[in-house]
Amino acid sequence: MTTPNKAINVTSLGNVAEILPYLLGHYPDDSIAFHAPGPDFHNGPTMTCPLPQDTAEWQAEAKTAARHFVAYAQTHGHDPDQGVIIYLCREPRPGQTPWETAAILAPLATWLTDELIEHRADVLQTIGLVANRWWAYKCNIDGCCEGEPLPSPDDPTSVVAQMTRLGRTPGPRTRDIIKQFQATADTADPDFLKDLHAASSRFNAQCTTKAGRDATLMMTCDQINAAMSQFRGGATALDRALTTQLIVGLQDDGALEAGMTHAEDDDLPHARRLWAYLARHCAEPFTYEAVPLLTLFAFVAWRQGDLIAARLALRDAINTEPDYHPAVGIHLGTIDGEDPREFLVSAREGHAQRMAELQHAVQTASEYRPTDTNTARYREALEVATANHLSQIRTEDGQLLTRNGTIDIISGALKDFRNGRPQLTDEVAARIILGLQDRETRDVALSTGAESELLYERQLWGYLARHCVPPHTDKAPPLLTLLGWVVWRQGDTITASHAFTDALDIDPGYSLAGLLLDGIRTECDPAQILAMFRREAALFAASRVDLDTL
């Protein structure tokens with residue numbers, strides 16, 4: 001093995017055993033490691049694969065690991081028939097001697113060798129590393145190469161002594177790296193986990209609607225900024241409320257993207273400590289919640305050039321959630337040698353676009369979402385009107401009267417808006433809202449008139465939607481659907497999409513909102529839908545019941 005103007009001599013099996021943490025940059029606990037030596041021994045491809053806890057899974061793992069390494073070596077320009085060294089690393093379990101552990105590893109050495117030979121690889125040696133001792137499984141001499149201590153650093157020919165003279169140190173052990181981000185008994189505090197469960201329940205409740213998801217995402221982005229500010233200032237912990245809220249908030253892909261933007265050079269050490277801190281708090285049964293945090297930790301580690309820590313964190317993330325696309329994407333990036341700064345640029349651009357969309361959504365929703373203003377008054381009017389409305393629609397004649405009456409009231413309301421009187425009494429607003437819960441009435445009210453009428457219709461439906469205050473939010477979908485249709489006719493597909501989506505958030509089965517939203521997404525021409533609505537409106541006008549005969 002060579003370094004600039006220096007050479008590392010690997011002249012014995014003991015040297016081959018002790019060089020592993022220098023080859024990999026870390027010492028892999030409970031792992032299979034492969035190395036295909038290059039001309040200077042060290043400059044060939046390497047790979048590590050964790051050993052399953054269950055030894056019954058080892059044979060299958062051996063086949064998979066060997067195939068992956070052959071493919072990996074070939075993509076890096078190395079022909080496995082030029083030689084492969086296998087390393088088997090495992091520490092004795094309680095009550096187990098190093099020799100017993102080495103004996104357990106022996107079948108694994110055979111399975112790996114057989115599989116590599118199947119792929120035309122030449123296995124130079126299989127080294128077992130157990131409790132600072134080494135075994136050479138290809139040695140057939142009884143008692144030879146079995147349990148030899150690793151060369152002493154005092155031996156000037158040892159790799160450690162040679163590396164020390166060059167000022168180099170071995171990489172850390174896997175178990176020490178993963179301590180940074182894996183939950184421990186100290187973080188599995190029952191009271192904390194109870195608070196985390198409560199925060200998760202609140203998060204899920206808040207995210208049942210698009211408005212709730214948008215508001216939660218914006219809050220999480222603010223909390224990420226606040227936490228980063230604290231860690232820049234030297235903090236090593238957050239208060240419990242912020243910790244639990246960040247863990248659940250970062251389940252949103254938009255929040256993950258916001259977290260990735262904190263990977264500028266000056267922020268890297270602070271971000272790494274923050275994501276590791278949060279990940280360590282995701283003890284059972286909240287290991288799934290650690291996946292975005294492990295992904296963020298891995299991204300920061302990758303930016304720092306620490307591929308070992310990045311891949312270990314990604315291994316945990318992907319093992320927990322194999323289909324978590326951000327983790328898979330970053331993992332592939334580390335393998336393919338991509339530049340993490342390109343991921344950072346993409347995250348910044350995506351985050352900026354998402355924030356702009358959220359701001360637009362807030363502005364758009366102000367047209368039709370209820371506010372705190374007049375909430376009690378609107379609620380009272382709806383409750384009073386509901387009792388009268390229910391009594392009126394008990395009979396078929398009553399339903400017809402109510403349907404035709406609602407259409408007449410809407411016509412009068414539009415006339416008021418057209419004449420510059422945009423205020424209706426709360427009683428009239430409540431009567432229209434309740435009348436439009438009838439889908440036939442809603443269909444008659446769909447905009448079919450001239451373009452000049454659209455402004456007034458838009459004002460009316462937005463005005464009425466703002467009256468649908470809790471607990472009467474479930475009455476908003478007809479108003480939002482009517483508003484969305486008018487807005488679409490005006491060419492504003494963004495506001496229309498928000499209105500239809502909010503209607504579906506409130507009532508996922510509200511079919512007209514779903515059909516119109518699909519029309520926008522498939523770039524349907526609203527003129528075709530308008531023609532159909534106009535035919536229906538003409539049929540209604542022709543068959544309208546004479547109210548005087550009822």
Side-chain angles (χ1 to χ4, degrees), residues 207-214 357 360-361 363-370 393 399-400 402-404 406-407 410-411 413-414 432-451 453-468 472-544:
C207 292
T208 54
T209 66
K210 183 179 184 301
R213 291 192 296 273
D214 290 348
E357 290 172 353
H360 181 79
Q363 294 169 2
T364 298
S366 65
E367 181 175 354
Y368 57 78
R369 284 186 189 148
I393 62 173
Q399 291 173 11
L400 291 172
T402 301
R403 184 174 300 148
N404 287 279
T406 300
I407 297 303
I410 290 171
S411 297
L414 284 171
I432 297 175
I433 291 169
L434 293 170
L436 286 169
Q437 303 310 302
D438 173 63
R439 299 200 176 190
E440 291 187 40
T441 307
R442 176 210 62 195
D443 290 349
V444 174
L446 283 163
S447 175
T448 58
E451 298 292 319
E453 292 295 301
L454 297 179
L455 172 63
Y456 311 116
E457 292 177 347
R458 179 170 183 166
Q459 290 175 345
L460 174 61
W461 304 135
Y463 173 84
L464 292 173
R466 291 194 297 275
H467 280 64
C468 295
H472 300 283
T473 308
D474 61 338
K475 297 179 175 63
L479 288 309
L480 296 173
T481 303
L482 292 166
L483 173 65
W485 167 236
V486 170
V487 173
W488 187 13
R489 282 193 63 193
Q490 290 181 311
D492 183 355
T493 55
I494 295 177
T495 302
S497 296
H498 281 303
F500 293 141
T501 300
D502 279 3
L504 290 167
D505 277 341
I506 296 168
D507 182 357
Y510 205 74
S511 57
L512 182 59
L515 290 170
L516 294 176
L517 181 59
D518 285 341
I520 291 177
R521 289 172 174 168
T522 57
E523 299 183 351
C524 176
D525 184 355
Q528 298 175 353
I529 301 175
L530 177 61
M532 179 181 67
F533 287 164
R534 280 177 170 163
R535 287 194 296 271
E536 295 299 323
L539 290 173
F540 173 80
S543 62
R544 177 162 175 163

**Item:** Any donor-acceptor pair under 3.5 Å from Trp485 side chain to Ser447 backbone
**Value:** yes

Do Thr364 and Asp492 make a side-chain contact, defined as non-hydrogen atoms from C-beta onward lying under 4.5 Å apart?
no

Ala503 and Ala513 have their tightest heavy-atom pair at CB-CB, 4.0 Å

Rounded to the nearest 0.5 angstrom, the CG-CG distance for Leu460 and Leu479 is 8.0 Å

Looking only at heavy atoms, the pair that brings Gly435 and Thr406 closest together is CA-OG1, 3.6 Å

(message) Within the structure provided, determine whether Leu480 and Phe500 are in side-chain contact (heavy-atom separation under 4.5 Å).
(response) no

Separation between CG (Asp443) and CG (Leu482), nearest 0.5 Å, reads 8.5 Å

- Message: A side-chain contact here means heavy atoms from C-beta on lying under 4.5 Å apart; do Asp502 and Arg369 qualify?
- Response: yes

OG1 of Thr501 to CD1 of Ile506, rounded to nearest 0.5 Å, is 11.0 Å

Tightest non-hydrogen contact, residues Ala496 and Gly484, listed as CB-O, 3.4 Å

Q: Consider only side-chain N and O atoms of Thr481 and Arg442, and report whether a donor and an acceptor are under 3.5 Å apart.
A: no

Got Leu455 and Arg458 here, is their nearest side-chain heavy-atom distance under 4.5 Å? no

CZ of Arg403 to CZ of Arg439, rounded to nearest 0.5 Å, is 13.0 Å

(message) Could you check whether any side-chain N or O of Thr441 sits under 3.5 Å from a backbone N or O of Gln437, counting only pairs where one atom can act as donor and the other as acceptor?
(response) no

Any heavy-atom pair between the side chains of Leu414 and Ile410 that's under 4.5 Å?
yes

Rounded to the nearest 0.5 angstrom, the CD1-CD distance for Ile407 and Glu440 is 10.5 Å

* **Minimum side-chain heavy-atom gap His360-Ile494 below 4.5 Å** => yes

Taking the side chain as every heavy atom from C-beta outward, state whether Leu516 and Ile529 have any atom pair closer than 4.5 Å. yes

- Is the closest side-chain heavy-atom distance between Thr495 and Gln490 below 4.5 Å? no

In this structure, OG1 of Thr402 is separated from CG of Asp438 (nearest 0.5 Å) by 8.5 Å

Applying ring-ring contact (aromatic ring centres under 6.0 Å, His included) to Trp461 and not counting sequence neighbours gives none

* Given the rule in the side-chain contact (heavy atoms from CB on, under 4.5 Å) test, do Leu483 and Glu367 qualify, once you have shown the distances and angles that lead to the verdict? -> CA-CA 10 Å; Leu483 173 65; Glu367 181 175 354; 3.9 Å; yes

Check: Ala527 main-chain N/O paired with Arg489 side-chain donor or acceptor under 3.5 Å
no

| task | Report the C-alpha separation of His472 and Ile433 in whole Å, then their side-chain angles, then the decisive distance to 0.1 Å, and conclude whether the side-chain contact (heavy atoms from CB on, under 4.5 Å) test is met. | result | CA-CA 10 Å; His472 300 283; Ile433 291 169; over 6 Å; no

